[in-house]
Amino acid sequence: MPVNNKTVKQYFSQKIVEWHKKHNKRKMPWKEEKDPYKIWLSEIILQQTRVEQGTAYYNRFVNQYPTVKHLAEAKDEEVFKLWEGLGYYARCKNLLASARFINKNGGIFPQKYEDVLALKGVGNYTAAAIVSFAYNQPYAVVDGNVSRVLARFFGIKTAIDGTAGKKLMHSLAHELLNKKQPGKFNQAMMDFGATICKPKLPLCASCLLQSKCFALKHHKINELPVKEKKTTLTNRWMYYLIATYKNGVYIHKRTAKDIWQNLHEFILIESGKKLSEPQLLQHPLIKKFAPGSNPALKVSKEFSQKLSHQRVTGKFIQVTLLKKTTIGDYEWVPKKSIKDKAFTGFINQYLKSLKTL
DNA sequence: AACCCGTGGAT
DNA sequence: TATCCAAGGGT
């Protein structure tokens with residue numbers, strides 16, 4: 001459903017810029033930043049992540065890695081530790097790979113849209129954000145904010161998470177883009193969506209664009225934008241055996257095509273269903289390390305973590321080994337090194353509940 | 001194209 | 001409590 005009213009489009013672009021100049025008070029550490037490295041860093045951190053959640057991570061990364069060279073030369077483990085808790089860990093992996101790629105090629109951040117887009121972890125949105133903010137190139141960003149604003153204002157019923165909807169949003173956003181000040185326009189669009197045209201309870205009464213907004217006029221604020229995807233939640237049960245021997249503990253880095261890649265964990269017993277404590281204690285791994293009825297075996301309370309489409313529930317079982325053993329892919333590491341390794345959120349819930357390991 | 005990948009705040 | 005969803009990208 002293409003939008004073909006030129007007057008309304010001009011009204012939109014003019015009002016968005018006017019709102020930005022007169023009313024936009026939103027402040028963030030990376031605003032007005034012109035260093036493409038720092039802009040890139042902020043954009044990767046902010047992918048599907050709230051500004052309030054990402055800001056502290058951004059500050060820590062910039063502080064620890066002031067240039068792309070610093071990041072490129074850092075050790076994987078150190079960078080993942082700094083990313084720990086932020087989620088979507090493929091972002092961290094791609095961030096490091098791209099930093100090393102840039103550093104290897106002279107350390108100069110790419111300047112062409114196509115070259116920025118070619119970086120791992122950089123898609124349509126992020127490439128447009130970088131080249132518009134850093135170099136003022138005319139590429140329109142389309143994020144959740146922009147899609148919502150456009151769907152509501154222009155009355156677009158095409159699902160914004162489908163191929164047709166994305167295509168339509170990109171062409172419309174590019175058409176509306178102020179080609180003289182693309183960086184400011186893009187910033188205006190996102191800030192307007194985040195602070196005025198919010199997902200729930202948008203501030204229509206004080207909106208500068210209210211006189212020509214389709215959704216407001218037709219009472220479709222809560223119906224737009226349209227999405228087609230529904231997330232399904234699957235349950236998983238993870239029981240962790242924390243096997244210590246002297247001053248060390250057995251851990252492992254997750255590498256399977258699954259959640260939490262590149263994060264560490266203890267000895268995992270996963271089940272497709274909830275296990276009762278007797279069932280759990282019957283497990284071969286438990287019986288192997290805690291033969292007989294072992295009164296020293298400590299079972300924690302139940303922990304649970306909700307991911308975007310999975311819910312992980314489980315417990316932690318502490319057992320002390322009397323001799324060093326070979327356990328599959330798990331390695332024995334000193335307890336004091338635990339704090340330097342990135343663990344899953346589920347495990348960190350448990351670790352934070354302990355005084356010492 | 002459909003599905004997968006985290007975490008936390010708001011309602 | 002359940003649901004939504006946030007400066008998306010990869011496969």
Side-chain angles (χ1 to χ4, degrees), chain A residues 26 28-31 33 38-58 80 83-95 97-98 116-133 139-149 159-167 169-170 173 183 185-195 197-202 222 225-234 236 254 256-263 304-312 342-349:
Chain A
R26 208 173 179 216
M28 290 164 282
W30 48 86
K31 263 198 183 176
E33 179 61 63
K38 291 180 184 172
I39 294 172
W40 167 60
L41 187 55
S42 73
E43 294 300 343
I44 301 298
I45 286 174
L46 290 170
Q47 285 169 4
Q48 290 290 284
T49 303
R50 290 175 199 283
V51 168
E52 309 84 65
Q53 191 189 356
T55 299
Y57 283 85
Y58 171 80
F80 273 99
W83 195 275
E84 182 185 46
L86 191 55
Y88 285 150
Y89 298 91
R91 290 185 292 173
C92 184
K93 183 183 177 184
N94 290 329
L95 182 79
S98 293
V116 177
L117 184 62
L119 295 172
K120 285 183 179 177
V122 174
N124 244 320
Y125 162 79
T126 305
I130 292 171
V131 301
S132 67
F133 293 148
Y139 290 85
V141 297
V142 179
D143 71 336
N145 292 308
V146 174
S147 298
R148 181 175 59 255
V149 170
I160 62 168
D161 55 350
T163 306
K166 287 178 188 171
K167 205 172 166 183
M169 287 298 167
H170 275 96
F185 181 86
N186 282 336
Q187 191 64 63
M189 290 284 279
M190 291 193 284
D191 286 343
F192 180 78
T195 62
C197 198
K198 301 185 290 183
K200 289 172 183 172
L201 303 177
N222 294 321
V226 173
K227 293 190 181 180
E228 59 190 17
K229 285 178 193 161
K230 295 179 185 72
T231 56
T232 56
L233 194 66
T234 58
R236 297 171 72 167
R254 292 175 63 89
K257 283 186 181 173
D258 193 5
I259 57 174
W260 295 323
Q261 263 188 68
N262 291 298
L263 299 190
S304 183
Q305 184 182 357
K306 192 171 65 64
L307 288 73
S308 55
H309 59 294
Q310 297 186 31
R311 181 169 47 219
V312 177
F343 280 82
T344 71
F346 182 68
I347 287 174
N348 273 326
Q349 277 187 43

Rounded interatomic separation in angstrom, taking [atom1] from [X] and [atom2] from [N]:
| X | N | atom1 | atom2 | answer |
| --- | --- | --- | --- | --- |
| A:Asp161 | C:dC4 | CG | P | 12 Å |
| A:Lys306 | C:dC5 | NZ | P | 12 Å |
| A:Arg311 | B:dT7 | CZ | P | 15 Å |
| A:Gln310 | B:dT7 | CD | C1' | 14 Å |
| A:Leu263 | B:dG6 | CG | C1' | 10 Å |
| A:Gln261 | B:dC5 | CD | P | 9 Å |
| A:His309 | B:dG6 | NE2 | P | 8 Å |
| A:Glu84 | B:dT7 | CD | P | 9 Å |

Looking at residues at least two apart in the chain, or sitting in another chain, which of them share a side-chain hydrogen bond (donor to acceptor under 3.5 Å, both in side chains) with A:Arg311?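 With sequence neighbours excluded, A:Arg311 shows a side-chain hydrogen bond (donor to acceptor under 3.5 Å, both in side chains) to A:Asn235, given in chain and number order.
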Check this for me: does any side-chain nitrogen of one of A:Asp258 and A:Arg236 sit under 4.0 Å from a carboxylate oxygen of the other? yes
A:Asp191 and A:Arg26 ion-paired at < 4.0 Å: yes
With heavy atoms under 4.0 Å as the rule, sort [X] into base, sugar-phosphate or nothing.
| X | value |
| --- | --- |
| A:Thr231 | nothing |
| A:Gly85 | sugar-phosphate |
| A:Ile45 | nothing |
| A:Gln305 | sugar-phosphate |

Need to verify one output field. Residue with the more 5' nearest nucleotide on DNA chain B, A:Gly345 or A:Thr163?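 It is A:Thr163 whose nearest nucleotide is closer to the 5' end.
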5'-most by nearest nucleotide on DNA chain B - A:Lys200 or A:Glu228: A:Glu228
What orientation do A:Tyr58 and A:Trp30 show, parallel under 30°, tilted 30 to 60°, or perpendicular over 60°? perpendicular
Assign a letter to each nucleotide of nucleotides 6-11 of chain C from its 5' end: B, base within under 4.0 Å of a protein heavy atom; S, sugar-phosphate only; -, no contact. BBBSS-
How far does CG of A:Leu95 sit from CD1 of A:Ile45, to the nearest 0.5 angstrom? 7.5 Å
When you get a sec, tell me which of B:dC4, B:dA1, B:dT7 is the closest nucleotide to the side chain of A:Leu307?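 Closest nucleotide among those given: B:dT7.
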If you measure from the P atom in C:dA7 to the same atom in B:dC3, how many Å do you get, rounded? 25 Å
Return yes when atom NZ of A:Lys167 has more than 12 non-hydrogen atoms of other residues, nucleotides or ligands closer than 6.0 Å, and no otherwise.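 No, NZ of A:Lys167 has 12 or fewer neighbouring heavy atoms, counting only those of other groups under 6.0 Å.
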So, applying side-chain contact (heavy atoms from CB on, under 4.5 Å) with A:Phe133, which one of A:Gln187, A:Lys31, A:Lys38, A:Glu33 is it? A:Gln187
